[in-house]
Asks: 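My questions will all concern the structure given below.
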Protein chains: 4
Amino acid sequence: MASNPTTVATGSGGPAVDGQRPLRADALRNRARVLQAAEALFAAEGVGVPVDVIAEKAGVGVGTLYRHFPTKEKLYEAILIERIAGFTADARRRLGSENPGQAFFGFLEDLVAQSSLKRDLINAMAGAGVEFEVVAAEAKLALQAAVTDLLVVAQRAGSVRSDVTGPLVLSLIGATCVAADRPGQAASSNEMLAVVCDGLRVTGAGR
Amino acid sequence: MASNPTTVATGSGGPAVDGQRPLRADALRNRARVLQAAEALFAAEGVGVPVDVIAEKAGVGVGTLYRHFPTKEKLYEAILIERIAGFTADARRRLGSENPGQAFFGFLEDLVAQSSLKRDLINAMAGAGVEFEVVAAEAKLALQAAVTDLLVVAQRAGSVRSDVTGPLVLSLIGATCVAADRPGQAASSNEMLAVVCDGLRVTGAGR
Amino acid sequence: MASNPTTVATGSGGPAVDGQRPLRADALRNRARVLQAAEALFAAEGVGVPVDVIAEKAGVGVGTLYRHFPTKEKLYEAILIERIAGFTADARRRLGSENPGQAFFGFLEDLVAQSSLKRDLINAMAGAGVEFEVVAAEAKLALQAAVTDLLVVAQRAGSVRSDVTGPLVLSLIGATCVAADRPGQAASSNEMLAVVCDGLRVTGAGR
Amino acid sequence: MASNPTTVATGSGGPAVDGQRPLRADALRNRARVLQAAEALFAAEGVGVPVDVIAEKAGVGVGTLYRHFPTKEKLYEAILIERIAGFTADARRRLGSENPGQAFFGFLEDLVAQSSLKRDLINAMAGAGVEFEVVAAEAKLALQAAVTDLLVVAQRAGSVRSDVTGPLVLSLIGATCVAADRPGQAASSNEMLAVVCDGLRVTGAGR
DNA sequence: CATGAATGAGAATTCATTCAT
DNA sequence: GATGAATGAATTCTCATTCAT
């Protein structure tokens, strides 16, 4: 269940998922709307947005929101998982590329580019404590696996030095994303990414 | 650094600073206590801590706290400014070093090491919007200047490549700090920093 | 008593009762199920149980529940009426007994014994205000009549003093039931009942 | 602490109680107001009254109410304890009476009479679960002790039969009070009490 | 000046009831 | 008729900020 990233990434609206009986058409639509509204609002105003506001933007009552996500935190989770799954799918897609180095670094660029749009979500993850991590763990592991695959290929091709690991790469990218979203940031995420990528490349110097 | 009340108070309320009349001795002590308590609590529990709790830990009434910091946000600011000033001083101290490269990278290590202890404060800054930045700007500019000085020297010595700027360096370090504080992070701040530093070094490859 | 659905449904919705058209067989069955589930849950968890929970335990949708009982309060009522009717039948059954005193006091024991199992329902009645009483009045009057009959016979036989009335007896028993259900109650309902029964017997003293 | 019933019964407003530093004058007044408003509203409308309403009736903000009673349940408790303490004091006052039987039964009458005015509070106790009982336990034990004292004297004087205990008496009175408050009750609390009291008197018959 | 009591606008969550499927 | 999704008013509780003592 939910272990197939592709399915999960179908994201906001695929019918017949998850072992539960498929949701009714309207329920499905509402769920998607809530997810969409929440994502937008979290991105725009941070995770502080009241649930009422999310519900209103989604055009549903709070009750409906709570029917789908019994807790505000569950809502974070859902969005988070969906996004992670999206990235995982992206990584898998790039796996067959002819130029592994380009595939790898291109993936990182994607990650950073997309994340800049979603201010604060990752911070929300950070703040939400342990339970949270547990639930998102599955999705995260899938992403790690995919990134590691991509990384290993690039390393074999000599485009990335051999002493870095998938998790380290993800941490670095996460850092770049989070930092780039901070207001008043002097450097763009691209500038930062460039340095990080250089650090990841094979180098003769400095080691 | 923050353990010397006098130093702490220097921020924006020390005696005979700032055009305001100098504070009475006890007022000064209270201000320092609040700052210290707030720093500790923000670090330990995040910026969500209620002001009452801070006041209690500081051993003063809320009223007193509010006399010194008319807003919770102003309190963040004060702490922030204080810390930035500390880093600035650190940078200046290293400026005369005989080994500029080591001075520069050592400074970055300090930055990361200390920041890891202060969970959530930087995120708070990030979340607090524009007003916030304005007030802290002065302190930030001072830090940028100091870092830039340190950087330039290192660049002249050939230890850092010439196309990076002080602000970019700060952004990268900020990224590393923020990311490292996220729970469940796979990589340590040191691992991340290592990659970033490699990216900052002079390299023949990849460019 | 409440274990036979047919009996349960007799309350105010059985086939061809009440001037309404007789319910379809499945409707009848659903009504009975709801009643049964509600009785069990009210007894176990108090009247606070959400209707959804009742519906679920009954194996029907909330909508169905509401078709039969247009209000949660109506559901209380129905259960109440059903139980009162059960007691009434019990009283009537005992009316022909050879030992009127024993019949009377035995009936009271039954009342108390059964009520102890139904925590909170009687309290709910109490709290639900006037409307409520109006509807249940019919059932109550029937019970009063039956009890009065039983009482009169016992009084004629000299087993109960002559200055008490049916309603007073019912109030006393009600008191015992309600009180016995209160948690942390020091005395058992039986102990209380014993005193009350002594008070009801013919006595030379104290009057 | 709080073990002296008289002090406790000073009830809503005595200064310098409880080992805590005495409350400020306004705080004390507000606490008393809240208690008074809550008692009135619980009596009039049951324990369902929203806290906002209580606060409004008391003429304070909700925040103030919560400062004094950190939970709605704590508010029940406070009222409850106060009332129990009042009864305890009543019992103690009667202890020196020349006519023990009259003292005992008179006390019971008082209990019933006063309780009729306070609808629902005792039910609230019942519903509030275990924690609740724990806190009120001290007050309850004091009452039990006082009632037992009164009872024993009356038993020695031959006015009450010897096989009843203080807790049983309290349960019986509790039953009468609760029952009498139920709307649509046919019998008055006095009628019920009369029977109960007869049951408590020394009797030759029926045993 | 210091204190901490008072304030009240939210915030998250629940649940009786309605209504589209 | 049955279902369960949708609704949103109501509820309890929190916490930044003000103000009487």
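Proteins come first, then strands; the chains are lettered A, B, ... in the order of their sequence lines, and each starts at number 1. FYI, side chains are in, hydrogens and waters are out, and symmetry mates aren't considered; it's all heavy atoms of this structure.
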Asks: Strictly under 4.0 angstrom, non-hydrogen atoms only: write out the protein contact profile of nucleotides 16-21 of chain E, one letter per nucleotide from the 5' end, B, S or -.
Replies: BBB---
Asks: Hey, does D/Arg31 have a side-chain heavy atom less than 4.5 Å from the side chain of D/Val34?
Replies: no
Asks: Mind calculating the distance between CG (B/Leu75) and C1' (F/dC15) to the nearest angstrom?
Replies: 15 Å
Asks: Strictly below 4.0 Å: does C/His68 bring a side-chain N or O up to OP1 or OP2 of F/dG1?
Replies: no
Asks: Can you see if the side chain of B/Asn30 gets near the phosphate of E/dA2 - specifically, an N or O under 4.0 Å from OP1 or OP2?
Replies: yes
Asks: Under 4.5 Å between any side-chain heavy atoms of A/Ile54 and A/Leu75, yes or no?
Replies: yes
Asks: I need the CD1-P distance between D/Ile54 and E/dT7, as an integer number of Å.
Replies: 15 Å
Asks: Is any side-chain heavy atom of D/Ile79 less than 4.5 Å from a side-chain heavy atom of D/Arg83?
Replies: yes
Asks: Calculate the interatomic distance between D/Leu65 atom CG and E/dA9 atom P; express it in whole Å.
Replies: 16 Å
Asks: Which whole-number value in Å describes the distance from D/Lys74 NZ to F/dC13 P?
Replies: 12 Å
Asks: Determine the minimum heavy-atom distance between A/Lys72 and A/Val51, stating which atoms define it.
Replies: CG-CG1, 3.8 Å
Asks: I need the C/Leu35 CG to C/Leu65 CG distance, nearest 0.5 Å.
Replies: 9.5 Å
Asks: Could you check how far CD of D/Glu45 sits from C1' of F/dA10, rounded to whole Å?
Replies: 15 Å
Asks: Which nucleotide in the set F/dT3, E/dA2, F/dA6 lies at the smallest distance from any side-chain heavy atom of C/Val60?
Replies: F/dT3
Asks: Mind listing the closest non-hydrogen atom pair of A/Val47 and A/Tyr76 along with its distance?
Replies: O-OH, 3.5 Å
Asks: How long is the gap from CZ on A/Arg29 to CD on A/Gln36, to the nearest 0.5 Å?
Replies: 12.0 Å
Asks: Could you tell me how far apart C/Arg33 (CZ) and F/dT3 (C1') are, to the nearest whole angstrom?
Replies: 14 Å
Asks: Would you compute the distance between atom CG of D/Leu41 and atom NZ of D/Lys57 and round it to the nearest 0.5 angstrom?
Replies: 5.0 Å
Asks: Quick one: are D/Leu80 and D/Glu77 in side-chain contact, heavy atoms under 4.5 Å?
Replies: no
Asks: Does DNA chain F take part in any stems of at least 3 consecutive Watson-Crick or G-U pairs (both distances under 3.5 Å), and if so, which ones?
Replies: E:2-21 with F:2-21
